Amino acid sequence: MNYDFSKIEAKWQKYWAENQTFKAENNSDKEKFYVLDMFPYPSGAGLHVGHPLGYIASDIYARYKRHQGFNVLHPMGYDSFGLPAEQYAIQTGQHPAITTKTNINRYREQLDKIGFSFDWSREVRTSNPDYYKWTQWIFIQLFNSWYNNDTNKAEDISTLIALFEKEGNATVNAISDEDIIVFTADEWKAFDTKKQQELLLQYRLTYLAETEVNWCPALGTVLANDEIINGVSERGGHSVIRKKMTQWSMRISAYAQRLLDDLNTIDWPQPLKDSQTNWIGRSQGASVTFNVKDHKEQIDVFTTRPDTIFGVSFMTLAPEHELVATITTPEQKQEVEAYIQATAKRSERERMADVKTISGAFTGAYAEHPFTKEPIPIWIGDYVLAGYGTGAVMAVPCGDQRDYDFAKKFDIAIPNVFEGVDISEEAHADKDKTVIANSDFLNGLPYKKAMKLAIYELEKIGHGKGKINYRLRDAVFSRQRYWGEPFPVYYLDGMPQMIDAKHLPITLPEVEKYLPTETGEPPLGNANVWAWCTKENKVVDNSKINNETIFPLELNTMPGWAGSSFYFNRYMDPNNTDAIFSDDAINYWQDVDLYIGGSEHATGHLLYARFWQKFLFDKGVVPKNEFAKKLINQGMITGTSAFVGRIDGFQYERGKWGTEGYYGGTYNVNSNIYISAGRSNDQELLKDLLKANKPETDNAIKAYNEIINDIENFKISIRQGVHADVSFVNASDELDIEAFKNWREEYKGAEFITEENGTFKVSREVEKMSKSKYNVVSPDSICEEYGADSLRLYEMFLGPLEQSKPWNTAGITGTHGFLKKLWRLYLDDNGAKFTDATPTKDNLKTLHKTIKKVAEDIENFSFNTSVSTFMICVNELSSQKCTSKEILEALAILVSPYAPHIAEELWEQLGHNTSIATAPFPKFDASHLVESSKEYPVSFNGKMRFKLELPLDLSKDEIEATVMAHEKTIAQLQGREPKKVIVVPGKIINIVG
RNA sequence: GCUCGAGUGGUGGAAUUGGUAGACACGUUGGACUUAAAAUCCAAUGGACAUUAGUCCGUAUGGGUUCAAGUCCCAUCUCGAGUACCA
């Protein structure tokens, strides 16, 4: 019997599907274990071999846990709202739902071929109305909540209204907007409904407000901070500008401290935690209030260095700061306005590109130092960000490099408030050993004490207090797109109203065009049936809008991260139509035990999901404060591109760079000659080629003549190569010349300079796997040629899960060969080889060594080393000619998480008629590994010279005596007397001297 | 700039608490089988020197601790990831 992997894999994939082998029950006496993968966005390109890496790892873990007797939840679904499908819809008119469905079907086909143990009965799709009903439901919960700082959790908005009615808002300790008016209970009651709603919006956890947003004109939408990379959009790389718009926001800042603190409670990779910590950006300092001369307004600033308050020599406001217009003097008005206009026009990218250019303008106004009462000039400058702190800084040029540079540029005084520090060249930002000087009551104090005293004194005069500031901004939650969740919101008198949860889902309306409307409204503005009837409680035709019973609906949709912020909970009970999930389901499954996915989601999905989880926890909806106990980032698989060396230019060099007579450079030629990698350094050949290929441009001809005249002394190399599709190249880096020639018209007449044996070698380079680099390998083609089990093993064998590593199909013959060898251990041409033979001592030793190592490896997520362990085990059992059924049964279970198809088949061949999936994992028995002797390495001065087999029960002295008497020891010492002999029983012997 | 991570054969990588560096594979070379190829099997494979025995060098670089360092400490270099005027 041969190892016919295609037949075996198809057979068991069908078996698993038909028998629902991996369906997880919500009621079970077994202990639960929840293994989750980050669900994919189903793109049109399908999966390449890099994508399933994490899925294979999690699948191995899930299968291992089933062998250990756990009830395992291992679901999969799709993050199916998103930009690519919509961009495609704009170009082709194809409804994104259709594109998405096609792509999902393709993904499913590809996933099925790899043999994952997913419980497909629990699949979710974020774009499915049955799913986004609950996204909308959570949105409503957030709208109806506020954050109470006293109880340190989210509460229903009704408790806030009760407080307002009782005592107004002066005593309320809430996370809210900064600029809230103070009112009494009587005033609250006197406000009209609209005013009350406006005020409540300033407290709600999701709120509508005019905010400065990142507007991407090319995509026609706003973007969140985490969707912008290096000042351009993450998708498409379009430029982004700052713009004020009315948008839904999520008050994630309310949870900043808890998001930070609870990082300590979860087992996530440190780099990921670090990047969340940086993103949240907690800084401790003080807020200080400055009076403005001749104005009643005050300016609040945040500073981390209140100890340097006597070093303030000017203030800088962000150009967008609201006080700028008020305080600017008539003389300075023109200059200030010109500056504001100039900065507003600059895109984020431009701003970031030239951080070094210092710019600003003087407002003509002065603030008053809270202690010295000295006038302080007020400037504006775009190095101050409107969005951070209060959008204003007290500038201390002696202690902050940016302030220092600004002061130098505009010739502002730089008073020194540090003892014995020279600030003539640069600012002194160090805190630790700093002692304050020239600062009245702070003189002579070290940083920490000065901090405390400064805050104390500021509080005493009512000009400031200690404060903690976070970099984390509230998250903009509106997108001007079609393919996203609609908001369950209609507008009455300009104020947002929630649609009652019992009428959800509010499904996406049909539109003719997926572009913004002519008046610049989002795509939903094109919908004709998009109004809410409060009588019928349904979506009706826009023409019926009367603003009495029928109102316009929200035109924005939700961002991509909405649906992915709670899907892990929905998997617990995905088909529930009455609730987001049943109490039974959530109480049984609780949280994710193992979550595997890419580190690129560190500050997006993973932060938002933690935020929603905490909110749902506060509301008593979920029992856990954090949704995933352990998280692992799988590394990226890069491609190994193949380059065919084409003579399209020469690089020439004579002499050493910088010395007399040096002559070097490059020029282009037109040729269709290709040179094998093994010969691309053959100077004689290259020189002949150079001679035969005269360039065309004047400069190049000059260089050509120079080289020809003195060709002996030149070193020639060819300039570059062209990508060849990796499928044309075999394991030995040899190109299929015919396939390459037929690939493209331009290669038809190509001429090839081969190796001496007639083959043509390509050169290799590691690059990102991408279509444009012709290095994409799809899992389907691998499954077809080698089988899913070979693929699964090879992906793990490549290296540590967390590391990024290059894919090279050539190596897969190693794991494929292993599977054939494994098969032959059980079966040969005559059928079964296994017998009831009693296992030998060696058999048992090999098996138990393997059990121990594999179990440890899986627990440590070191899957690459367990593949090696299997190979060693099979090599050993083969040479032991092991036929013992007892050993082979255990081995099949060990291999089953990694190569489930072959394991199932062997299990059946061994005589079992149920799946191997829940067969108990073999128990490790240490007694089989007990050794009576050890082959000691004998070192002289730390260098191993020979090995010596000695019984393990020898004492230190006995070992020493035996070794010293050994003839090789005497030969090594050559009569020298050893100074010292180190004996570590069971480990090593080292002779010094 | 700051934060984090990583540098080991031709290649992917192994070495769990300091204790035989290079497991296991790929590739390469030689051999067996075959008309031939594929497949399979066997052997060799870090470098240098040496007929053999063996010797020397070797985990990015330079120091240090130790009987013993890929592993620990100090300094430097290179690469990768994240972040970027955060007051």
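Nothing here was measured: the structure is a model prediction, and the numbers come from that model. Every chain is numbered from 1 and lettered A, B, ... according to where its sequence line falls, protein lines coming before strand lines.
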Inset, instruction - Kindly write out the residues that satisfy salt bridge (charged side-chain N to carboxylate O under 4.0 Å, His left out) with A/E600, not counting sequence neighbours, or none if the list is empty. - result: none
Inset, instruction - Not counting sequence neighbours, which residues clear ring-ring contact (aromatic ring centres under 6.0 Å, His included) with A/F818? List them please. - result: none
Legend entry - Phosphate OP1/OP2 of B/U20: any A/S939 side-chain N/O under 4.0 Å: no
Inset, instruction - Inspect the contact between A/K845 and A/E876 and indicate whether a charged nitrogen and a carboxylate oxygen are less than 4.0 angstrom apart. - result: no
Identify each atom pair where a protein N or O and an N or O of nucleotides 22-27 of chain B are less than 3.5 Å apart, giving names and distance.
unit_1	atom_1	unit_2	atom_2	d
B/A25	OP1	A/N875	ND2	2.9

Inset, instruction - Starting at the 5' end of RNA chain B, write a dot or bracket for each base, bracketing those in Watson-Crick or G-U wobble pairs whose two distances are under 3.5 Å and using | for partners on another strand. - result: (((((((..(((......[....)))((((((.......))))))((((....))))..(((((..]....))))))))))))....
Which pairs, protein N/O on one side and nucleotides 52-60 of chain B N/O on the other, fall under 3.5 Å?
unit_1	atom_1	unit_2	atom_2	d
B/C56	OP2	A/R945	NH1	3.3
B/C56	OP2	A/R945	NH2	3.1

Legend entry - Upstream residue (5' side of RNA chain B) when A/N278 and A/K934 are each assigned their closest nucleotide: A/N278
Legend entry - Residue closer to the 5' end of RNA chain B, A/Q270 versus A/E935 (nearest nucleotide): A/Q270
Would you list the protein and nucleotides 65-68 of chain B atom pairs, both N or O, that sit under 3.5 Å from each other?
unit_1	atom_1	unit_2	atom_2	d
B/C67	O2'	A/N990	ND2	3.1
B/C67	O2	A/N990	ND2	2.8

Inset, instruction - Taking atom CD of A/E178 as the centre, report whether more than 12 heavy atoms of other residues, nucleotides or ligands fall under 6.0 Å from it. - result: no
Inset, instruction - Compare side-chain N and O positions of A/Q803 against OP1 and OP2 of B/G13 and report whether any pair is under 4.0 Å apart. - result: yes
Legend entry - Test salt bridge (charged side-chain N to carboxylate O under 4.0 Å, His left out) applied to A/E960 - qualifying residues, sequence neighbours left out: none
Inset, instruction - Establish, with yes or no, whether the OP1 or OP2 oxygen of B/U40 is under 4.0 angstrom from a side-chain nitrogen or oxygen of A/K820. - result: yes
Inset, instruction - State which residues pass ring-ring contact (aromatic ring centres under 6.0 Å, His included) with A/H848; sequence neighbours excluded, sorted by chain then number. - result: A/H928
Inset, instruction - Could you tell me whether A/R824 contacts a base, only the sugar-phosphate backbone, or nothing, with contacts defined as non-hydrogen atoms closer than 4.0 Å? - result: sugar-phosphate
Sort me out a list of protein N/O and nucleotides 16-18 of chain B N/O pairs below 3.5 Å, or just none if empty.
unit_1	atom_1	unit_2	atom_2	d
B/U16	N3	A/E856	OE1	3.3

Legend entry - Any residue meeting ring-ring contact (aromatic ring centres under 6.0 Å, His included) with A/Y786, in chain and number order, not counting sequence neighbours: A/H816
Please enumerate all protein N or O atoms sitting under 3.5 Å from an N or O of nucleotides 47-50 of chain B, with distances to 0.1 Å.
none

Legend entry - Partners passing ring-ring contact (aromatic ring centres under 6.0 Å, His included) against A/Y388 (at least two apart in sequence or in another chain): none
